Asker: 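One structure, as structure tokens, below. Some questions next.
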Number of protein chains: 2
Amino acid sequence: MPRPTKQSPERGSARIRLLEAARDVVRTKGFAATAVDELCKSADVTKGAFFHQFGSKDALGVAAAEFWAETTSAFFAAAPYHAPSDPLERILAYVAFRKAIIAGDLAEFTCLVGTMAQEVFASSPAIRDACGRSILGHAATLVADIEAARRERGITGDWTAESLARHTQTIIQGGFVLAKAGNDPELARESLDHLERYIRHLFHVTEEVET
Amino acid sequence: MPRPTKQSPERGSARIRLLEAARDVVRTKGFAATAVDELCKSADVTKGAFFHQFGSKDALGVAAAEFWAETTSAFFAAAPYHAPSDPLERILAYVAFRKAIIAGDLAEFTCLVGTMAQEVFASSPAIRDACGRSILGHAATLVADIEAARRERGITGDWTAESLARHTQTIIQGGFVLAKAGNDPELARESLDHLERYIRHLFHVTEEVET
DNA sequence: TGCAACATACCATACGGTCGGTATTTATCA
DNA sequence: TGATAAATACCGACCGTATGGTATGTTGCA
């Protein structure tokens with residue numbers, strides 16, 4: 001419920017500015033190492049505003065995970081990989097898109113909720129669950145295309161569309177871990193190449209897919 | 001250089017006890033959220049001993065990552081997956097072994113250095129690099145078998161043994177992230193099933209491998 | 001007039017780290 | 001061999017700061 005005023009047009013945006021600051025700072029330093037004061041400074045907001053908007057640092061964590069889920073789902077919904085008419089092509093375009101957006105600084109393309117989940121899975125169930133909903137919710141957006149591709153091409157096998165969708169997220173998240181540990185984004189990209197190869201294998205397509 | 005005495009036989013083990021405590025506590029709470037005092041209490045050691053052994057909390061982090069690298073490499077060197085005479089079978093046995101040891105509490109089977117790397121990749125290059133060496137060093141232990149299997153079976157393709165070895169670690173690390181986020185170890189196991197299927201595909205083996 | 005949205009000063013505690021001191025082992029040398 | 005010096009391993013009280021959180025006041029709109 002932000003409310004801008006005439007004298008200070010920035011007023012009311014404190015919540016969103018804090019969520020954006022959390023997204024940027026926490027992705028870089030982790031949740032525990034990020035101080036509330038630091039977020040306030042980064043968002044140019046006072047501590048009073050912080051604790052007015054979020055009752056606690058934990059609540060900010062939950063809100064940040066939900067904010068992440070909202071913004072990323074909007075981002076991926078608008079992404080160009082949905083364009084192909086063939087569902088398998090859409091899936092492969094998704095993988096290519098995920099690979100393409102791995103660029104620049106590590107903290108810019110890695111995943112907020114994946115990082116937070118690793119840190120707080122035991123100490124803060126609320127944050128953990130919000131992270132889980134974000135990751136698994138995103139995985140769920142891939143299921144329909146996988147199932148459609150499977151039906152269309154008469155693919156059988158002892159795997160489910162849901163599990164393959166989650167597997168893509170496993171590889172993306174794991175790629176981020178390797179990229180951070182090795183300080184090299186290429187480590188994340190190369191695993192997406194393996195994922196693409198795996199998917200082509202599953203659907204018996206070794207070359208380019210034609211509609 | 002620990003040195004036990006007659007009066008206190010526990011003496012000298014402070015360093016190792018601290019490293020073991022770090023392994024257990026940091027895996028559960030993360031590095032930043034783990035206080036030095038807490039490690040001392042958990043290891044039944046005084047703060048003086050801590051800062052005598054490790055000049056700083058950061059140095060403890062580096063030592064913990066190196067300790068992890070040493071203990072895990074000994075663990076995997078002694079593991080039964082090396083038994084098969086066929087290299088491809090050894091690789092598949094490795095994947096099966098990684099799947100088998102995913103049991104019990106999340107903090108018991110997840111990876112210390114993967115967790116730490118995510119947290120400190122930007123704030124502590126020393127810890128990050130130690131984590132990177134542990135993960136990539138472990139990946140390197142798989143390369144020889146992958147190359148042997150490839151040679152033996154005349155497999156070609158636009159992928160390298162090194163990259164496939166790293167890909168296995170991507171899937172393991174990513175599986176841990178999903179397992180934590182979803183609070184369900186099965187999420188890690190199911191991705192290892194996909195990895196097994198992928199490897200079989202790569203080597204044109206769809207059923208059991210016979211020597 | 002009431003209430004949401006701040007702002008500011010303040011607080012108790014927890015944190016990483018320091019420091020002077022002691023006990024025990026090891027190296028040195030007459 | 002025995003006295004002694006040097007070094008290692010450890011103890012525990014203390015320190016300055018940073019931290020999450022609170023209490024109280026102010027502003028501006030409905």
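Just so it is clear, the structure is predicted and the values come from calculations on it, not from any experiment. In what follows, every chain begins at residue 1, and chains take the letters A, B, ... in the order their sequences are listed.
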Asker: Answer yes or no: is there a side-chain heavy-atom contact under 4.5 Å between F76(A) and L142(A)?
Answerer: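 Counting from C-beta outward, F76(A) and L142(A) never come under 4.5 Å.
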
Asker: Would V62(A) and F54(A) count as a side chain to side chain contact (heavy atoms under 4.5 Å, CB included) here? Give the steps.
Answerer: CA-CA 10 Å; V62(A) 174; F54(A) 314 100; over 6 Å; no

Asker: Whole angstroms only, please: what is the NE2-P distance between H52(B) and dA23(C)?
Answerer: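 Going from NE2 in H52(B) over to P in dA23(C) covers 17 Å.
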
Asker: Which class fits the ring pair H167(B) and Y198(B): parallel under 30°, tilted 30 to 60°, perpendicular over 60°?
Answerer: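 H167(B) and Y198(B): perpendicular rings.
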
Asker: Between protein and nucleic acid, restricted to nucleotides 18-22 of chain D and to nitrogen or oxygen atoms under 3.5 Å apart, what atom pairs and distances do you find?
Answerer:
residue	atom	partner	partner atom	Å
dG20(D)	OP1	K57(A)	NZ	3.2
dG20(D)	OP2	V36(A)	N	2.7
dG20(D)	N7	K47(A)	NZ	2.8
dG20(D)	O6	K47(A)	NZ	3.4
dG21(D)	OP2	K57(A)	N	2.9
dG21(D)	N7	K47(A)	NZ	3.4
dG21(D)	O6	K47(A)	NZ	2.9

Asker: Starting at atom NZ of K41(B), determine the distance to atom C1' of dC11(D), rounded to an integer number of angstrom.
Answerer: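 Rounded to the whole Å, the gap is 16 Å.
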
Asker: Take the protein atom CZ of F54(A) and the nucleotide atom C1' of dC6(C), then report the distance between them rounded to whole Å.
Answerer: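 Taking atom C1' of dC6(C) as the reference, CZ of F54(A) is at 14 Å.
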
Asker: Please determine if K57(B) forms a cation-pi arrangement with F31(B), meaning its NZ or CZ atom is less than 6.0 Å from the six-membered ring centre and no more than 45° off the ring axis.
Answerer: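 Yes; both conditions hold, so K57(B) lies above the ring face of F31(B).
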
Asker: For D193(B), check side-chain hydrogen bond (donor to acceptor under 3.5 Å, both in side chains) against everything at least two apart and list the hits.
Answerer: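 So D193(B) forms a side-chain hydrogen bond (donor to acceptor under 3.5 Å, both in side chains) with K99(B).
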
